[in-house]
J.: 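This structure is in structure tokens; I'll ask about it shortly.
The model shown is predicted, which means the values in this text are computed figures rather than measured ones. Counting from 1, the numbers follow the sequence of the chain as shown.
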Amino acid sequence: MELMLVYRALRKISDWTLSTFYTEVYVDGQENVPANGPVILCSNHHNEIIDIATLAATIPHRRQVCFWAKSGMFKNPISRFIMVSSGSIPVNRNPNSTTSSSADKSAPFHTNGSLGSARNGTARPSGNTSLFASTSRTIASGKVVGVFPEGTSCHEPRIMQVKEGAAWSALEYVRWTKENASVAGSSQELALVPVGIVYTDKSQYLSRIHVRYGKPIPISHYAAEYLQGCSSTSEDADLRSIVTKLNADIEKAMLQLTVNAPDWDTLHVVEMSRDILWNNTNDRLPLKDWVDISQVLMDIFSPKLYQTIPDSMEHTRSSLLKYAGLLHYTGVRHEDLAAVAPLASTSKVSPPTRLRAFRSFFYQLAVALLHPRFTFFLPVFLVHAPGYMTGYIAPRTLTNPAFVESRSQFKVIFGGLGFGLSYAAITVMMFKLLRASVNVNVGSIRWKVISGIINALARTVRLVDGAEGFRGRVKGYVAMAGLAYGAVKFLAKWHGMLFQGNYTQFRRLVTSFKIFSGLLFPPSASLPASKVTLYTRPPRPPPNPFVKYPTAAPDAATNEHGSAPGKGVANGSNSASANGSANGSKARNGTANGNGSGHAKEVKPPRVPNVPYHKLVRHLLAARVDAVASLRGYLEESKSELSVPGRSSGREWEKVFRRGDALFKN
């Protein structure tokens, strides 16, 4: 039996990451992953190594998940030991790279599963025969292989591409088991399980993760065709077509498990609608409904579901998008703004008075400083301060701020290192104090108990100093290790119990200060309306060099959620998406690149100049009124159109419209 010590250590770190960096991890579909037998996981990949940690920590039955890794990482003896002990499978990155423009459709394998070029006589990617053999042996040994078919980690509004690495691996495993029946052992059918990992805010500390393991994709039909093709004189194109069909099933399954928007504007509109409908921290959207509700909102803003598109759709999208942009550039969250400046009625367009804003700020300040939880939190806050600093500084200095998918891993790594240094320092100080402690007798019973505990701990530490022989010292060190573990566990629990409440209150305090300070300035100090346009849309991330963005596909079919991931993107600065973007004309087919997510041949948008937040506060407050009123009206208008049997049904739709009705009563 392999010990796989590195894998076990990394999985434990993954457990800690998910339980400390995120407040909640919801896992659904555990019954779709068998306790034993051959399994390949096909997961989306939008958050770098956090995705790997999520699969390792959440897979049912605690099965070992092995991932592909660049072969160069196996050359050094030390790194090779680490990679082998973690269960990694070496893959040659770009083994047959070519400068030929015709090679796009048969591009070499990337680490996470893109396709390599075919050689004469076989449709299997050249240069990766050993990869498939290693993958098949790993699966046959009872381990699970995890593949990210997108080929790279990316920050996009949808799954942009699904490469054929997972499909090739599945069919090659079937062929391998037939040729190596005596070695394969298990006769179970391969379970090709799609996985959807969705983050409520991937780089934000104390956000949440929704993980869903989908039903295994049937491959028996494709496997029979593939084996028949391999044993005959079939052309490469015939075998490749089988792989392509299986890959289409993988893509469809992955789309159903994740949130996919046709463009960035639609995604921001849906996020803003969701935040307005569920704006209370204590009454937030349950994580188990997060993906389904998000996709329902996507459908509500999709013209394809309507016989007659509501007149208010375009204005509602524009209002929500403007509000989302101003929230971003002022550094404010809607839930915090709703808490410090509740919107009692959207009929009152005027912003809060300065006196009301001051009262709100003073109240939030008093709650932040005088609440007992702050008093109890202050000591442990000082202990964890180095971790806060390293977790804050590292992502801002070591990564491009525009690449959101890289932030969380640096926060986790360097924040964890900072916490580790703090814990080490506290442990050393604790041992020094215990060594220096003397027996103390105090009259008070309470102090006698405390001094008794301290003396008992001190005697445990002194076991090392006074121990005789090897066994005695080992005993002492084990006792000290137990004390250190207990101290670290206690500090971590203490921190976890009190951090979230204090952090939420701190955000509200900052938000109330921004509103108050913004209203202190006269209206003339606000940014002119003509210049506010630059800040009425959240910034878009830069294109990912490892993603092949489509150019145009007018007849692209949309998926069941009303979006066409990776398809139908047209370039244009003022065109709108098929779901009725608020800016520009509507396009019947495809997605406009002006506000969408396609980056191919796109002119880089102008840089938005920095502006003090106080110049946008009045615009933000007015935009909130318009956004809430527009959403209220749009949901009421669309409800009668969509509440038709067969067009919208299920508890998710009911929840959205019920929230909309409640919004009307505010």
Side-chain angles (χ1 to χ4, degrees), residues 2 4 33-34 36-42 63-69 71 74 83-84 87-93 95-96 106 108-149 163-194 216-247 249-250:
E2 296 177 278
M4 308 300 291
V33 180
N36 47 60
V39 176
I40 293 179
L41 301 179
C42 302
R63 297 189 64 176
Q64 181 180 344
V65 186
C66 301
F67 299 93
W68 291 345
S71 58
F74 290 78
M83 300 307 293
V84 171
S88 299
I89 303 170
V91 54
N92 294 318
R93 190 177 180 90
N96 297 300
S106 56
F109 245 105
H110 287 277
T111 305
N112 288 324
S114 56
L115 182 63
S117 60
R119 60 182 178 181
N120 294 331
T122 178
R124 293 191 297 275
S126 175
N128 286 290
T129 304
S130 61
L131 168 66
F132 291 135
S134 299
T135 301
S136 298
R137 284 192 295 270
T138 300
I139 298 172
S141 68
K143 299 171 185 173
V144 176
V145 170
V147 181
F148 299 108
K163 300 187 176 183
E164 297 177 344
W168 276 110
S169 297
L171 295 176
E172 279 293 295
Y173 170 75
V174 175
R175 184 190 63 81
W176 184 88
T177 54
K178 183 179 179 181
E179 296 177 356
N180 301 270
S182 59
V183 181
S186 175
S187 59
Q188 290 180 255
E189 181 178 344
L190 173 69
L192 189 60
V193 180
I217 300 169
I219 67 168
S220 55
H221 174 66
Y222 299 117
E225 287 187 32
Y226 189 78
L227 289 175
Q228 183 179 0
C230 289
S231 60
S232 65
T233 56
S234 299
E235 296 292 332
D236 288 356
D238 296 333
L239 296 180
R240 189 175 294 276
S241 67
I242 300 171
V243 174
T244 301
K245 287 187 288 185
L246 176 56
N247 195 62
D249 287 350
I250 294 174

J.: Over all heavy atoms of both residues, which pair between Glu189 and Ser220 is shortest? Give the atoms and the distance, please.
T.: OE2-N, 3.6 Å

J.: Any chance the side chains of Thr244 and Glu164 put a donor and an acceptor closer than 3.5 Å?
T.: yes

J.: Roughly how far, to the nearest 0.5 Å, is CH2 of Trp176 from CZ of Arg137?
T.: 7.0 Å

J.: Mind listing the closest non-hydrogen atom pair of Pro194 and Ile217 along with its distance?
T.: CD-CG1, 4.1 Å

J.: Minimum heavy-atom separation for Leu131 and Pro90, please, with both atom names.
T.: CD1-O, 3.5 Å

J.: Should Phe132 and Arg175 count as side-chain neighbours, where that means a heavy-atom distance under 4.5 Å?
T.: no

J.: With side-chain contact (heavy atoms from CB on, under 4.5 Å) as the criterion, how do Val39 and Ile139 come out once you've worked through the C-alpha distance, each side chain's angles and the decisive distance to 0.1 Å?
T.: CA-CA 7 Å; Val39 176; Ile139 298 172; over 6 Å; no

J.: Would you please name every residue forming a side chain to side chain contact (heavy atoms under 4.5 Å, CB included) with Ser241, sequence neighbours left out?
T.: none

J.: Using atom types as modelled and distance alone, determine if a side-chain donor or acceptor of Asn247 lies under 3.5 Å from a backbone N or O of Val243.
T.: no

J.: Can you list the residues that meet the side chain to side chain contact (heavy atoms under 4.5 Å, CB included) rule with Val33, with sequence neighbours excluded?
T.: Ile59, Pro60, Val193, Tyr213

J.: Taking side chain as C-beta onward, heavy atoms only, is Gln64 less than 4.5 Å from Val144?
T.: no

J.: Taking only residues two or more places apart in sequence or in another chain, which ones pass side chain to side chain contact (heavy atoms under 4.5 Å, CB included) with Lys245?
T.: Tyr222, Glu225

J.: For the residue pair Val147 and Ile40, what are the closest heavy atoms and their distance?
T.: CG2-CG2, 4.2 Å

J.: By side chain to side chain contact (heavy atoms under 4.5 Å, CB included), which residues pair with Thr138, not counting sequence neighbours?
T.: Cys66, Ile89, Lys143, Val145

J.: Rounded at 0.5 Å granularity, tell me how far CG in Leu239 sits from SG in Cys230.
T.: 5.0 Å

J.: Partners of Thr135 by side chain to side chain donor-acceptor pair (under 3.5 Å), sequence neighbours excluded?
T.: Trp68

J.: Only counting residues at least two apart or in another chain, list the ones meeting ring pair (Phe, Tyr, Trp, His ring centres under 6.0 Å) with Phe67.
T.: Phe148

J.: As an exercise, state the distance from CD of Glu179 to CG of Leu227, rounded to the nearest 0.5 Å.
T.: 9.0 Å

J.: Might you point out which heavy atoms bring Leu192 and Cys42 nearest each other, and give the distance in Å?
T.: CD1-SG, 3.5 Å

J.: If you define the side chain from C-beta out and look only at heavy atoms, does anything of Trp168 sit under 4.5 Å from Tyr173?
T.: no

J.: What distance separates Thr177 OG1 from Leu190 CG, expressed to the nearest 0.5 Å?
T.: 8.5 Å

J.: Testing the basics here: between Ser136 and Glu172, what is the closest heavy-atom pair and its distance to 0.1 Å?
T.: OG-O, 4.0 Å

